[in-house]
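One structure is given here, and the rest of the page talks about it.
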Amino acid sequence: MRARKKKWAPDVLANNPRIIRDADAHARKLKEYFDNNNPLYLEIGCGKGRFAAESSRLYPDINFIAMEREPVILAAAARQAEERGANSLAFLLLDADVLLDYFKPGDIQRLFINFCDPWPGKKKRAKRRLTHEKYLSMYEELKIPELHFKTDNRSLFEFSLQSFSEQGWLMKNISLDLHQSDMEDNIMTEYEEKFSTKGFPIYRLEATPPK
């Protein structure tokens, strides 16, 4: 997701207390950033932040970190978190490729990947998908016990099913149309609400790494 420049974004990026600006200083100490022993959940590619903010508001005993690589979008997410009164929520301006530089094995208890870029087209672009074996290996190295994945892109979902299977991950709660399922505690992203109201199915699964 890319966004046009916003005049207010630099000020938010520089001053919003929820943004971890000295991320390098906190590298591999991010679990301790919250100064408590609560579980840590991570969302990669948080977009405008609705999912992270609402999750934090509903589950105050869990620490959330929302990652985004686009500065303007991260600024929008941090601002929305303030408006929603979310607690125990911090934001990181980082790319998923550097996860191993910033987290230690065992830090993250749950990983959320919501509506990531499907990187369609040429086969070599598949390596940039967040469910590619390259990233699954990173999640395994970080000993992340649980991954929740949502997308509206059928091709990406099919690719992900195959990728998880080939790497030995176990999958459960697989849904080919989430909003027609009996799941009661689904928290929607802005993107999800937009496309589901137009009748597009939302695909979802939960996965655990091989033991």
Side-chain angles (χ1 to χ4, degrees), residues 1 3 6 8-9 11-23 26 29-94 96 99 102-103 106-116 130 139 142 144-152 173 175 178-197 202-207:
M1 180 186 294
K6 303 292 184 180
W8 47 263
D11 180 66
V12 173
L13 291 169
N15 298 301
N16 189 291
R18 297 181 184 275
I19 298 176
I20 305 175
R21 279 170 291 279
D22 52 347
H26 288 89
K29 300 178 183 177
L30 286 165
K31 184 174 174 61
E32 291 79 15
Y33 177 82
F34 294 95
D35 196 27
N36 61 46
N37 293 319
N38 293 341
L40 175 64
Y41 289 4
L42 173 69
E43 181 185 13
I44 299 179
C46 68
K48 295 181 180 178
R50 173 177 170 178
F51 177 86
E54 187 66 8
S55 296
S56 178
R57 186 184 69 82
L58 291 173
Y59 304 103
D61 294 330
I62 296 174
N63 298 326
F64 289 85
I65 290 181
M67 279 178 54
E68 175 58 51
R69 64 182 181 181
E70 295 291 337
V72 174
I73 297 174
L74 183 79
R79 191 164 71 166
Q80 179 167 183
E82 290 292 307
E83 295 171 353
R84 287 180 176 264
N87 299 310
S88 299
L89 172 60
F91 294 89
L92 275 173
L93 184 62
L94 289 177
L99 276 178
Y102 287 86
F103 294 93
D107 279 354
I108 303 164
Q109 277 68 61
R110 183 177 294 174
L111 175 64
F112 294 97
I113 302 175
N114 296 318
F115 302 94
C116 61
L130 292 178
Y139 309 151
L142 287 170
I144 299 174
E146 188 174 350
L147 186 155
H148 291 197
F149 174 64
K150 285 196 289 187
T151 181
D152 66 317
N173 296 328
S175 176
L178 175 60
H179 293 182
Q180 297 301 318
S181 72
D182 57 0
M183 183 176 179
E184 297 180 351
D185 57 350
N186 179 52
I187 299 174
M188 287 198 290
T189 71
E190 294 91 346
Y191 187 94
E192 179 178 356
E193 182 176 41
K194 175 182 177 180
F195 278 81
S196 62
T197 55
I202 303 300
Y203 308 97
R204 182 186 183 275
L205 63 80
E206 298 171 15

Handout entry: Intermediate values then yes/no, side chain to side chain contact (heavy atoms under 4.5 Å, CB included), D107 and I144
Key = CA-CA 8 Å; D107 279 354; I144 299 174; over 6 Å; no
Practice task
Show your working on salt bridge (Lys or Arg N to Asp or Glu O under 4.0 Å) between E82 and R79 and close with a plain yes or no.
Solution key: CA-CA 5 Å; E82 290 292 307; R79 191 164 71 166; over 6 Å; no
Exercise for the section: Begin from the C-alpha positions of F112 and I187 and carry the test side chain to side chain contact (heavy atoms under 4.5 Å, CB included) through to its verdict. Expected result: CA-CA 11 Å; F112 294 97; I187 299 174; over 6 Å; no
Exercise for the section: Please test L13 against L74 for side chain to side chain contact (heavy atoms under 4.5 Å, CB included), starting from the C-alpha separation and ending with a verdict. Expected result: CA-CA 8 Å; L13 291 169; L74 183 79; 4.1 Å; yes
Exercise for the section: Report the C-alpha separation of N38 and F34 in whole Å, then their side-chain angles, then the decisive distance to 0.1 Å, and conclude whether the side chain to side chain contact (heavy atoms under 4.5 Å, CB included) test is met. Expected result: CA-CA 8 Å; N38 293 341; F34 294 95; over 6 Å; no
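Salt bridge annotation for E193-R50: present, with a cationic side-chain nitrogen under 4.0 angstrom from a carboxylate oxygen.
No hydrogens or angles considered: nothing links the side chains of E192 and N114 as a donor-acceptor pair under 3.5 Å. Side chain to side chain, K150 and N186 meet the donor-acceptor criterion of an N or O pair below 3.5 Å. Between the side chains of E32 and H26, no donor N or O sits under 3.5 Å from an acceptor N or O. For the residue pair D152/Y191, the side-chain donor-acceptor check at 3.5 Å is satisfied.
In plain terms, the two heavy atoms of L92 and A23 that are nearest each other are CD2-CB, 3.7 Å. Taking each heavy atom of F149 and C116 in turn, the nearest pair found is CE1-SG, 4.1 Å. Between A96 and I44, the shortest heavy-atom contact is CB-CG2, 3.9 Å. Considering all non-hydrogen atoms of both residues, F91 and A78 come closest at CE1-CA, 3.7 Å. Residues I62 and S88 approach most closely at O-CB, 3.5 Å, considering heavy atoms. For the pair P145 and I108, the tightest heavy-atom approach, listed with the atom from each and the gap, is CD-O, 3.3 Å.
For CG of D22, the number of neighbouring non-hydrogen atoms (other residues, nucleotides, ligands) closer than 6.0 Å is greater than 12.
Looking at R21, its side chain does come within 3.5 Å of a backbone N or O of A14 through a donor-acceptor pair. Formation of a donor-acceptor pair under 3.5 Å by the S181 side chain with backbone atoms of L178 is found in this model. A donor-acceptor pair under 3.5 Å links the side-chain atoms of N15 to the main chain of D11, judged by distance alone. Within the 3.5 Å criterion, the main-chain N or O of G47 finds a donor-acceptor partner in the side chain of E68. Checked by atom type and distance alone, the side chain of Q80 pairs as donor or acceptor with a backbone atom of K48 at under 3.5 Å. Judged purely by atom type and a 3.5 angstrom limit, Q109 uses its side chain to pair as donor or acceptor with the backbone of L40.
Here the straight-line distance linking atom OH of Y203 with atom CZ of F115 works out to 11.0 Å at 0.5 Å rounding. One distance of note links OG of S175 with CD of E206; it measures 10.5 Å at 0.5 Å rounding. We find the CZ-OG1 distance between F195 and T197 to be 9.0 Å, quoted to the nearest 0.5 Å. To the nearest 0.5 Å, atoms CZ (F103) and CG (L94) are separated by 7.5 Å. Remark: S55 OG to R110 CZ distance equals 9.5 Å, nearest 0.5 Å. Distance CD1/I65 to NZ/K31: 9.5 Å, rounded to 0.5 Å.
With contacts defined as side-chain heavy-atom distances shorter than 4.5 Å, the pair E54/M188 does not qualify. Within the 4.5 Å cutoff, the side chain of L142 has no heavy atoms near those of the L111 side chain. Looking only at side-chain heavy atoms (C-beta outward), L89 and Y41 stay at 4.5 Å or farther from each other. The shortest side-chain heavy-atom distance between I19 and L93 does not fall under the 4.5 Å cut-off. Residues L99 and M67 have side chains in contact (heavy-atom distance under 4.5 Å, counting atoms from C-beta outward).
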